[in-house]
Amino acid sequence: MQQPMTVNRPEPKVVDLPFSLKDVKEAIPPHCFESSAIRSLAYFFWDIFVISVLYVIADYLDSWFFWPIFWVMQGTMFWALFVVGHDCGHGSFSRYKWLNNLMGHLSHTPILVPFHGWRISHRTHHKNTGNLDTDETRYPVTESKYDEMDWLEKFARFKLVLFLYPLYLFKRSPGRKGTHFDPKSDLFRPSEKWDVLTSTICCSLMVAFLGVLTYQFGFLWLLKYYLGPYIVFVVWLDLVTFLHHTDPDVPWYRGRDWYFLKGALSTVDHDYGFINNIHHNIGTHVAHHIFLTMPHYHLKTATEAIKPVLGEYYRKSDYSILEAFIRGYNICHVVPDEGGKVYCEPREL
């Protein structure tokens with residue numbers, strides 16, 4: 001019986017970067033990799049001080065003319081506090097694990113972020129950035145996955161992009177199972193059980209505390225003093241995450257086309273103007289993704305040092321924050337089902 005004819009086609013060539021991780025690291029001044037617990041604590045206490053002052057002013061004025069202004073300002077400070085906890089999660093807050101965990105909980109619990117649950121899922125994101133198969137957050141869906149999504153999932157994924165973070169904590173992203181609050185989730189190893197439970201208990205106590213205050217002072221008090229700023233915080237978190245990982249010019253990889261440095265470069269720096277210092281220069285995102293244990297206060301120096309090495313592979317948006325968001329919102333919907341290196345494409349929603 002004649003065997004069917006097979007055609008041997010050469011596999012597409014995998015293109016490597018013209019530099020290594022070692023090349024990039026050697027370009028950075030050594031002090032950029034050193035953390036200072038005192039300096040990190042100063043940022044934390046400054047944020048707490050500003051948050052406290054804003055609460056005193058809002059309580060004193062108690063004016064509906066001022067409350068929306070307060071929400072924007074305080075929500076921005078909640079976001080800044082999250083970034084401090086973000087350093088704790090990466091171990092870049094200090095050299096002491098116990099201090100990182102303590103300050104991480106003090107930074108994240110008041111804004112209802114389960115520190116360890118988030119820390120572990122964020123670790124997964126950093127280890128797999130730009131990998132369509134294994135990245136944790138803000139990865140685009142494939143055309144076939146898009147066709148399988150019902151209208152509600154599409155609406156949430158593509159229309160409510162600035163309000164998804166609380167849902168992500170409970171449901172993760174499309175195609176991923178589990179929750180940040182349950183140690184049995186696929187996100188976690190058995191050895192991380194008590195870490196996850198600790199953070200879940202802390203968040204539960206915070207919710208109970210807010211519940212007691214709401215019972216005592218009423219829902220309007222909760223809206224004015226907490227829910228307003230919290231919503232602004234969520235918008236900031238989703239906006240920054242979206243901008244740094246959702247851009248038509250940023251490639252995504254599959255299989256053997258991906259490796260760590262390639263994926264780490266699949267992100268974009270953005271200039272937030274006067275907000276840069278308020279939210280601890282989180283806009284310098286490329287250097288952060290390459291060296292995730294680098295403290296935020298060294299990222300600007302490191303970025304300038306690596307630009308000559310990265311060359312055209314360094315990405316910084318030339319668009320304003322609003323323009324960059326609209327561009328990604330309108331274009332970055334799906335990626336092709338096949339291909340080792342792909343880019344986002346628009347779909348009729």
Side-chain angles (χ1 to χ4, degrees), residues 11-12 14-17 20-21 24 86 89-91 114 116-149 153 156-158 161 164-165 167-192 195-196 237-238 240-268 285-293 313 315 328 332-345:
E11 295 185 358
V14 177
V15 179
D16 288 331
L17 298 171
S20 67
L21 186 60
V24 182
H86 171 267
H90 282 297
H116 282 305
W118 166 85
R119 174 184 63 80
I120 295 165
S121 72
H122 195 63
R123 176 189 66 194
T124 302
H125 162 59
H126 270 271
K127 287 184 175 180
N128 300 276
T129 304
N131 190 320
L132 278 172
D133 301 316
T134 56
D135 201 347
E136 173 63 22
T137 56
R138 284 300 178 194
Y139 52 85
V141 298
T142 61
E143 292 177 328
S144 58
K145 171 62 180 176
Y146 177 88
D147 292 336
E148 295 172 357
M149 297 168 70
E153 189 175 7
R157 173 77 177 184
F158 301 107
V161 294
L164 288 177
Y165 186 69
L167 179 63
Y168 166 70
L169 289 178
F170 285 96
K171 295 282 291 181
R172 294 179 73 190
S173 300
R176 308 285 191 264
K177 296 180 180 180
T179 170
H180 288 74
F181 300 96
D182 185 357
K184 296 180 181 178
S185 171
D186 294 343
L187 273 168
F188 312 121
R189 305 165 185 158
S191 60
E192 295 166 332
D195 282 348
V196 177
L237 196 158
D238 278 325
V240 172
T241 306
F242 181 92
L243 290 177
H244 290 165
H245 299 283
T246 310
D247 188 284
D249 298 327
V250 169
W252 288 83
Y253 302 96
R254 287 189 177 96
R256 65 194 186 93
D257 280 87
W258 179 92
Y259 59 84
F260 173 80
L261 186 55
K262 263 189 180 180
L265 292 174
S266 284
T267 186
V268 185
H285 215 64
V286 175
H288 168 63
H289 262 273
I290 303 173
F291 303 105
L292 53 152
T293 58
Y313 292 91
R315 295 181 177 89
C332 296
H333 301 148
V334 300
V335 291
D337 287 322
E338 298 180 356
K341 179 181 180 181
V342 295
Y343 292 86
C344 291
E345 301 173 355

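- Heavy-atom minimum distance, D247 versus C332: C-SG, 3.5 Å.
- Contacts of T137 classified as side-chain contact (heavy atoms from CB on, under 4.5 Å), with partners at least two apart in sequence or in another chain: H125, Y168.
- Side-chain contact between C344 and P248: absent, with no pair of heavy atoms (C-beta onward) separated by less than 4.5 Å.
- Listed by chain and number, the residues in a side-chain contact (heavy atoms from CB on, under 4.5 Å) with T267 are H244, H245, H285, V286, H289 (sequence neighbours excluded).
- Rounded to the nearest 0.5 Å, atoms CH2 (W252) and CG (L132) are 6.5 Å apart.
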Let's go through F181 and L169 carefully: what are the C-alpha distance in whole Å and the side-chain angles of both, what is the deciding distance for side chain to side chain contact (heavy atoms under 4.5 Å, CB included) to 0.1 Å, and is it a yes or a no? CA-CA 8 Å; F181 300 96; L169 289 178; 3.9 Å; yes
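- Although no hydrogens or angles enter the test, the distance criterion places a donor-acceptor pair under 3.5 Å between the side chain of R254 and the main chain of G339.
- Note on residues 127-137: pairs passing salt bridge (charged side-chain N to carboxylate O under 4.0 Å, His left out), not counting sequence neighbours, are E136-R172.
- The salt bridge (Lys or Arg N to Asp or Glu O under 4.0 Å) test applied to R138 returns D238, not counting sequence neighbours.
- R119 has a carboxylate O that lies under 4.0 Å from a charged side-chain N of D195, or vice versa, which qualifies the two as a salt bridge.
- H116 has its ring centre no less than 6.0 Å from the ring centre of H122.
- Side-chain atoms of H180 and S121 form a donor-acceptor pair, as typed in the model, at a separation below 3.5 Å.
- Between the CD atom in E153 and the CZ atom in F158 there is a gap of 8.5 Å [rounded to 0.5 Å].
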>> Determine whether V161 and T246 satisfy the following criterion, side chain to side chain contact (heavy atoms under 4.5 Å, CB included), listing intermediate values before the conclusion.
In response: CA-CA 11 Å; V161 294; T246 310; over 6 Å; no
Quiz item: Between V268 and L243, is a side chain to side chain contact (heavy atoms under 4.5 Å, CB included) present by the stated rule, with each step listed?
Solution: CA-CA 7 Å; V268 185; L243 290 177; over 6 Å; no
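- Closest approach of F260 and H126 over heavy atoms only: CE1-O, 3.5 Å.
- Of the possible polar contacts, one joining the T124 side chain to the I120 backbone as a donor-acceptor pair under 3.5 Å is found.
- Between V24 and F291 there is a side-chain heavy-atom pair separated by less than 4.5 Å.
- Nearest heavy atoms, S20 versus L261: C-CD2, 3.8 Å.
- Closest non-hydrogen pair, V141 versus Y146, comes out as CG2-CB, 4.2 Å.
- With rounding to the nearest 0.5 Å, the separation of OG in S144 from CE in M149 is 11.5 Å.
- Electrostatic pairing of R123 and E192 counts as a salt bridge here, judged by a charged N lying under 4.0 Å from a carboxylate O.
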F170 vs Y165, test: ring-ring contact (aromatic ring centres under 6.0 Å, His included). Steps then yes/no. CA-CA 9 Å; F170 285 96; Y165 186 69; over 10 Å; no
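- Here the straight-line distance linking atom CZ of R157 with atom CG of L164 works out to 8.0 Å at 0.5 Å rounding.
- Checked against side-chain contact (heavy atoms from CB on, under 4.5 Å), E143 has the following partners two or more places apart in sequence or in another chain: V334, D337, E345, R347.
- For the pair Y139 and N128, the minimum side-chain heavy-atom distance is 4.5 Å or more.
- For Y343, there are no ring-ring contact (aromatic ring centres under 6.0 Å, His included) partners two or more places apart in sequence or in a different chain.
- Checking side-chain atoms of W258 against main-chain N and O of T129 turns up a donor-acceptor pair under 3.5 Å.
- The two residues S266 and G130 have their closest heavy-atom pair at CB-CA, 4.3 Å.
- With K262 contributing its side chain and D257 its backbone, the two residues share a donor-acceptor pair below 3.5 Å.
- For T179 against F188, the heavy-atom pair with the smallest separation is O-CE1, 3.5 Å.
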- Full working for side-chain hydrogen bond (donor to acceptor under 3.5 Å, both in side chains) between S185 and D182: CA-CA 6 Å; S185 171; D182 185 357; over 6 Å; no
